[in-house]
Amino acid sequence: MIRILKTADTKAINALAAHDAARDPRVIRTVRRIVQTVRDSGDEALIAYARKFDLLRSALEVTPDEILAGASRASRDVRSAIRIAVRNVQRVAARQVPKPFTLTTTKGVIVEQRVTPLARVGCYVPGGRYPLLSSLIMSAVPAREAGVSEVIAVCPRADDAVMAAALESGVTRMFRIGGAQAIAALAYGTASVPAVDRITGPGNAYVAAAKSLVSVDCAIDFHAGPSEIAVISDDGNADWIAADLIAQAEHDPDARAILITTSPALAAAVASAVETQLKPYARDFPARAALRARGGIIVARTGDEAVALVNRIAPEHAVCDDEMTAARITTAGTIFVGPWSAQAAGDYVTGSNHILPTGGAARFRGGVSAADFVRLTSVQRLSPEGLRKLGPAAITLASTEGLAAHAASIRIRLEERPS
């Protein structure tokens, strides 16, 4: 089911580590048509697509009374678990909000950083076999903690648990829409759905393509791809490692699940454990296809080689045995340290955000945070003395770049005699 490779198997490892940026052209064509139609025709197109793809049979918007009623029907255990998740995400998000400051860089020159929350954000909640209420929490809670006043959630099939999560997370409005049509409505607005400043939340290939398409006009979290996990371990618990690989591969048949180890014995034990643990699941269980196509166990020659492979892959989730290894992993969306740090716990309740970079994007950014929901504006103030101190240097740099008018706009002030 899952391959065991050696680092000498260069071609196979390159394929396993590759970040395939190719998109299905049929998906892109379909999404482009949907987005443009919703942008042009608004609610008329949105409702038509929602009825076709989302099987909409009621009003677009979920009323506040419906949210309250749904939340009250959710079981006590579910509501309690949601409150735990929300509380911990709030605690982490509160530390992530950038701080304003005012700084004098030179006498007479003051630079201020102003922090302003976005006015309105959109949270996409996938509505597959089971709507992902945790994704709503991971989008809405940091936004509210950052000071966003309007949080719009979209979910084609919001069940009672999603309603409870919406209530606890501070969602202000919710709509029964999904897919590319929901992304288009959030990005451009319709008579019913207000346009937002940023869209966050995972989705299928159509949602990912739509987010990429609208990103020229509306901020998004990521150009998202399938989920990823890379475990680096030499003496871990084989059953636990196998369980983590299967758990992440459960998301998507295209998910990537990799173990890197210097121990051939552990490699064989994990491969056997994967086979055993998959037996109770149905034939169409997504992890089966994912582990067959994008799963692998790599036997590295040294610990340094193993760490280098993880950093090359830049996985969404990295899992390792100890703090020393964790310190050497520099490109990962999130890092889990030690055998008890189950990756799935981070999907729900630790407080760290589970909306993370995929497809190698961890090379240049981390996961969604409260900082994504504010804008940083610089405010600059120069006094006459400040411009006299810094103006000559600015004139020199502008002249060096051949921007004569830039230099002149400063020089005319310096040459002005005080009245």
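This structure is a prediction, so every number in the text was calculated from the model and none was measured.
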Donor-acceptor under 3.5 Å ([X] side chain, [Y] main chain):
X      : Y      : value
Ser272 : Ala268 : no
Asn311 : Thr330 : yes
Arg176 : Ala158 : no
Asn237 : Trp240 : yes
Lys107 : Lys389 : no
Arg363 : Gly360 : yes
Asp54  : Leu56  : no
Ser263 : Leu266 : yes
Arg198 : Asp372 : yes
Asp321 : Asp234 : yes

Between Asp322 and Thr325, does any side-chain donor sit less than 3.5 Å from a side-chain acceptor? yes
So, Asp252 and Ser227: side-chain donor and acceptor under 3.5 Å apart, yes or no?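 The answer is no; no qualifying pair exists.
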Between Ala165 and Ile82, which heavy-atom pair has the shortest distance, and what is it? N-CD1, 3.7 Å
For atom OH of Tyr348, is the number of surrounding heavy atoms from other residues, nucleotides or ligands below 6.0 Å larger than 12?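 No, not enclosed.
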Could you check whether atom CD of Glu44 has more than 12 heavy atoms from other residues, nucleotides or ligands sitting under 6.0 Å from it? no
Side chains of Ile313 and Glu228 in contact at under 4.5 Å (non-hydrogen atoms): no
Are the side chains of Val231 and Gln248 in contact, using a 4.5 Å heavy-atom criterion?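 A side-chain contact is absent here, since even the closest heavy-atom pair is not under 4.5 Å.
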About how many Å separate SG of Cys218 and CD1 of Ile199, when rounded to the nearest 0.5 Å?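 The SG atom of Cys218 is 4.0 Å from CD1 of Ile199, to the nearest 0.5 Å.
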Donor-acceptor list for residues 83-100 side chains, cut-off 3.5 Å, not counting sequence neighbours:
from: Asn88; atom 1: ND2; to: Val349; atom 2: O; distance (Å): 2.8
from: Gln96; atom 1: OE1; to: Ala370; atom 2: N; distance (Å): 3.0

Is the closest basic N to carboxylate O distance between Arg256 and Glu316 below 4.0 Å? no
